[in-house]
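Read the structure below first, then the notes.
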Amino acid sequence: MKTYLRILQYVKPYTKRIVITFFVMIITAILTALSFYIIKPVIDKILANPDKQEAMKYITILPVAIIIVYALKGIFMFIQHYLINWTGNRVILDIRYKLYCHITDLSMRFFNNQKIGTLISRITNDVNSLHGALSNVLGNIISAVLNILGLVIMMFYLNWKLALIAIFVFPIAVYPIVQFGKRMKLAAIGLQQKMGDITSVLNESFNGIRVVKAFGMEEYERKRFNSDLWNFFVYDMKAVRAVAMASPIMETIGAIGIAAIVLLAGKAVIAGTLTTGTFFAFIAAITGLYPQAKKLNDMNNTIQVALASAERVFQILDEKPEIVDLPDSIEKNDFNDKIEFKNVVFSYNKDEKVLKDVSFRILKGQVFAAIGPSGAGKTTIADLLARFYDVDAGEILIDGINIKKIKISSLRKLIGIVTQETILFNDTIKNNIAYGNPDIDETKVIEAAKAANAHNFIIKQLDGYNTFIGDRGVKLSGGQRQRIAIARAILRNPPILILDEATSSLDSESEILVQEAINNLMKNRTTFVIAHRLSTVRNADYIIVIEKGKIVEEGTHSSLYQNNGLYRKLYDMQFKLDEKKNI
């Protein structure tokens, strides 16, 4: 119930429309009851009427009345259906948008612990299931209840004794709704979890299709996918059994009720205490009553599925972002002096420290480099500077201000990031370069592309700057994608630049072009470089060497090389590898 009340909170903005819908439902229920009641005068006043003259009078009136009743019923059912679905669809739009916005506000740590496919399933499948709950509670359930109420009132009006018998049987027919609803919810929880697993496998295999094919793992991925499909099938059949068992049980109970009414009402007609018209009108009403109860059962199954999905959606909405603006946070639109890391300690989990008492400073205009073995903590430093995570201890300062006191949006406008894993979108080249600056002049986009050594290959594309590059830029080479990313950073024009392995995994020709583009990007900027290829950091103003989360050496290239420590060991090792490649 708590979950359902929480869903209904999203309906509040549309209260006026709900009120109008409710009145339309009442009119529809009255017309539904009237459509059954009209059977009585048709039989009593026409078919069973001994007065032929009076029968002829009614034979011209009642057909018109029937047409009017059913036409009005059809009109109001259409209005009811449209209003219900408009409200339901609009609320789903609101929930889906809020969920997406909330997820994008959550910290990187949250994304590290989640499968992307599972999150996609939450926004698509789970939210879509909520539509059934909203539409059914607003429409079919309230409509069914009102129809039942209208029919019961009509039945009491026709014959209160027979109505009491019908009402006595009715609660027995409702009992399966509760029992099978519980089974349906358990099955629904399993279904949604398994659908999340299926979406996750699809996301991973399609995004990694190049690796799948390269390693000949198509059959393995098919087996993995088939296993998840079978798990989904098992829960799906549990849901099917719950639905299939409820229907015949309710049909049987309803038939018992109708049989009892036929027996008693039939005797009353034979005895002359009940008219034939009343008998048929009552039978019609009760045969219309039990399908409404069955509808409640069907809707309850849908609602149980929706509640299972809602709990999963609210589980995400209840996640609190770790990285938030403090109440007294400030805007900072420029960088004037230096960046400082003071005794920074950080861990992704409590068991292992990734950074241990790291301290250094980067002066404005410097090229500052961090090198070290894989897993040493270099990229973590860059992530902390951009405040993708918060430090466990110590502080990070920009111009003497703790970055926690700077508004997140303001901080990130000061920083441009170019990484080895270039993230591009399935859009045009122009829109990828202008990402975050949708209204910028095209000439500035072209200038940025030229500075990034990207203009020449762009104009050779079929549609030039308006060429769509495919998912993750799949239609471009690695070097081309990297230059697009650099053009994007140049256009943003940040005072602080982070280059994280920006030239690794490229062929020699692409690396030269990308390096030239990076040199253009670094002009008049403070640059923090993370690199495995030590040849790219020889000219850095200052270098720190990190090992196991600690700074073990620091200085310039020449001083570090002369120290004969880890830096020299890494440098000589790479120099030998480069010589072998060139042989």
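Along the sequence shown, residues are numbered consecutively beginning with 1.
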Main-chain N/O of Val324 paired to Arg387 side chain as donor or acceptor, under 3.5 Å: yes
Shortest non-hydrogen contact between Ala489 and Pro494, atoms and distance: O-CD, 3.2 Å
Test item: Asp392 side-chain N/O and Ser347 main-chain N/O as donor-acceptor pair under 3.5 Å: yes
Under 3.5 Å: donor-acceptor pair, side chain of Asn432, backbone of Phe425: yes
Spacing of Asn85 atom CG and Leu83 atom CG [to the nearest 0.5 Å]: 9.5 Å
Side chain to side chain contact (heavy atoms under 4.5 Å, CB included) between Thr32 and Phe76, intermediate numbers included: CA-CA 11 Å; Thr32 299; Phe76 279 95; over 6 Å; no
Glu331, CD: over 12 other non-hydrogen atoms inside 6.0 angstrom: yes
Interatomic spacing from CD in Glu319 to CG in Leu106 - rounded to 0.5 Å: 6.5 Å
Heavy-atom neighbours of Phe111 CZ exceed 12 at 6.0 Å: yes
Minimum side-chain heavy-atom gap Leu424-Tyr435 below 4.5 Å: no
Sub-4.5 Å side-chain heavy-atom contact between Phe528 and Ile415: no
Rounded distance [0.5 Å steps], OG1 in Thr15 versus CD1 in Ile20: 11.0 Å
Member of Ile484, Asn466, Thr467, Val445 meeting the side-chain contact (heavy atoms from CB on, under 4.5 Å) criterion with Ile458: Ile484
Phe341 side chain near Leu385 side chain, heavy-atom distance below 4.5 Å: yes
Donor-acceptor contact present, side-chain Asp390 to main-chain Ile323, <3.5 Å: no
Main-chain N/O of Val313 paired to Arg122 side chain as donor or acceptor, under 3.5 Å: no
Residue list, side chain to side chain contact (heavy atoms under 4.5 Å, CB included) with Asn431, at least two apart or on another chain: Asp427, Thr428
Which atom of Asp105 lies closest to which atom of Pro321, heavy atoms considered: O-CB, 3.5 Å
Intermediate values then yes/no, side chain to side chain contact (heavy atoms under 4.5 Å, CB included), Leu99 and Leu317: CA-CA 6 Å; Leu99 181 60; Leu317 287 173; 3.9 Å; yes
Heavy-atom closest pair, residues Asp126 and Arg312: OD2-NE, 3.0 Å
Closest approach of Gln482 to Val418 (non-hydrogen atoms, all atoms of both residues): OE1-CG1, 4.0 Å
Neighbour count above 12 (heavy atom, 6.0 Å) for Phe22 CZ: no
Side-chain donor or acceptor of Ser410 paired with backbone N/O of Lys332 under 3.5 Å: yes
Closest non-hydrogen atom pair between Lys475 and Phe468, with its separation: CD-O, 3.5 Å
Evaluation steps, side chain to side chain contact (heavy atoms under 4.5 Å, CB included), between Met25 and Ile84: CA-CA 10 Å; Met25 287 179 181; Ile84 289 166; 3.4 Å; yes
Separation between CG of Leu411 and CD1 of Ile496, rounded to the nearest 0.5 Å: 7.5 Å
Pair Tyr348, Thr380: side-chain N/O donor-acceptor within cut-off below 3.5 Å: yes
Partners meeting side chain to side chain contact (heavy atoms under 4.5 Å, CB included) with Ile75 (sequence neighbours left out): Ile79
Lys NZ or Arg CZ of Arg90 over Tyr14 ring: under 6.0 Å, within 45°: no
Within-4.5 Å side-chain heavy-atom neighbours: Tyr389 and Ser107: no
CG-CD1 distance between Leu491 and Ile433, expressed to the nearest 0.5 angstrom: 8.0 Å
Atom pair CD/CG of Glu219 and Asn226 - distance to nearest 0.5 Å: 9.5 Å
Residue pair Tyr82, Val24: steps toward the side chain to side chain contact (heavy atoms under 4.5 Å, CB included) verdict: CA-CA 11 Å; Tyr82 179 82; Val24 171; over 6 Å; no
Donor-acceptor contact present, side-chain Ser227 to main-chain Lys223, <3.5 Å: no
His81 and Met77, any side-chain heavy atoms less than 4.5 Å apart: no
Beyond-backbone contact of Arg412 with Phe388, side-chain heavy atoms, under 4.5 angstrom: yes
Minimum heavy-atom distance between Arg109 and Asn113, given as atom pair plus value: O-ND2, 3.2 Å
Residues in side chain to side chain contact (heavy atoms under 4.5 Å, CB included) contact with Ala29, at least two apart in sequence or another chain: Leu146, Asn147
Heavy-atom neighbours of Lys73 NZ exceed 12 at 6.0 Å: yes
Leu476 backbone acceptor or donor facing Arg481 side chain under 3.5 Å: yes
